[in-house]
Amino acid sequence: MLRIDKMIYLKTAEEIELLRESNLLVSKTLAELAKLVKPGVTTAQLDKIAEEFIRDNGAIPAFKGYGGFPASICTSVNDQVVHGIPSDKVILKDGDIVSIDCGTFKNGFVGDSAYTFCVGEVSAEIKNLLETTKNSLFKGIEQAIEGNRIGDIGYAVQNHCEAQGYGVVREMVGHGVGRKMHESPEVPNYGRRGSGPLLKTGMTICIEPMINLGRKELRFERDGWTTRTIDGKCSAHFEHAVAIKKGKADILSDFGIIENVLSNLN
Ligand code: MG
Ligand code: MG
């Protein structure tokens, strides 16, 4: 992650609508990719389709060139945790999982959301990892309300995943989102209740649990981007952008668009 400014920018209602537009475009892009994720497809093919779709919708792929990242999406297969680089050498096969993280930039605001897909038929053990990771994201979102603190979100995610014996990644965290992809505050997937920055209406953050089937530790690949679990076991990643409100967070991205596609494929 690049060095980020410590200021937490509160957004107006109009700015939140622009963020929603950028984030819904990410969800629509992921839904397009959902149609294509199957054995035999390369992650480079997915990247190409994503870039075309984002540009056809009047936006720019926010990841491309960010800190030198070479592609429009991150594709992290099996034991890759996040920041996997799409490649024509990575061919998806039956039983794999692939986390696709996607970013858009439109009307001055960033969209950033991720979903982990099954390739063909995946084991029950891995399906449970995906289900638990996604559920932990929603547990975190339940805590993302005015008056709570950042630590309440992390506590909820951590507690939900560790109860199943999973490893909660520490090195990478969620973040504020707005005109920049990474704004303050950091949003860890672990923490103590009542700790960290106070949540206020107008804050917009990405909550993105990265959860490992086994140990929580990572290692970094020599490509300078890809991270893998240290024990070689699978890792899952789901990310939503949300706006903090009183009582209930406003989710700016939408998994429903993706899951409609997935249910029609089956
Ligand atoms: Mg992301
Ligand atoms: Mg993010």
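The analysis underlying the following values was restricted to heavy atoms, covering all of them including side chains, and did not include hydrogens, waters or symmetry mates. First listed ligand is number 1; within each ligand, the first listed atom is number 1.
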* Asked: Would you call Lys48 and Glu52 a salt bridge, using N to O less than 4.0 angstrom?
  -> yes

* Can a salt bridge be assigned to the pair Glu131 and Lys127 using a cut-off of 4.0 Å between side-chain N and carboxylate O? -> no

* Contacts of type side-chain contact (heavy atoms from CB on, under 4.5 Å), residue Arg228, not counting sequence neighbours -> Asp79, Gln80, Arg219, Glu221

* **Set of residues satisfying salt bridge (Lys or Arg N to Asp or Glu O under 4.0 Å) with respect to Asp96, sequence neighbours excluded** => Lys93

* Asked: How would you list, by chain and number, every residue that makes a side chain to side chain donor-acceptor pair (under 3.5 Å) with Lys180, sequence neighbours excluded?
  -> none

* Structure fact -> Shell check on the Mg ion (ligand 2): protein N, O or S atoms less than 2.8 Å away are Asp112 OD2, His175 NE2, Glu208 OE2, Glu239 OE2

* Asked: Is a salt bridge present between Lys233 and Glu125, judged by a nitrogen-to-oxygen distance below 4.0 Å?
  -> no

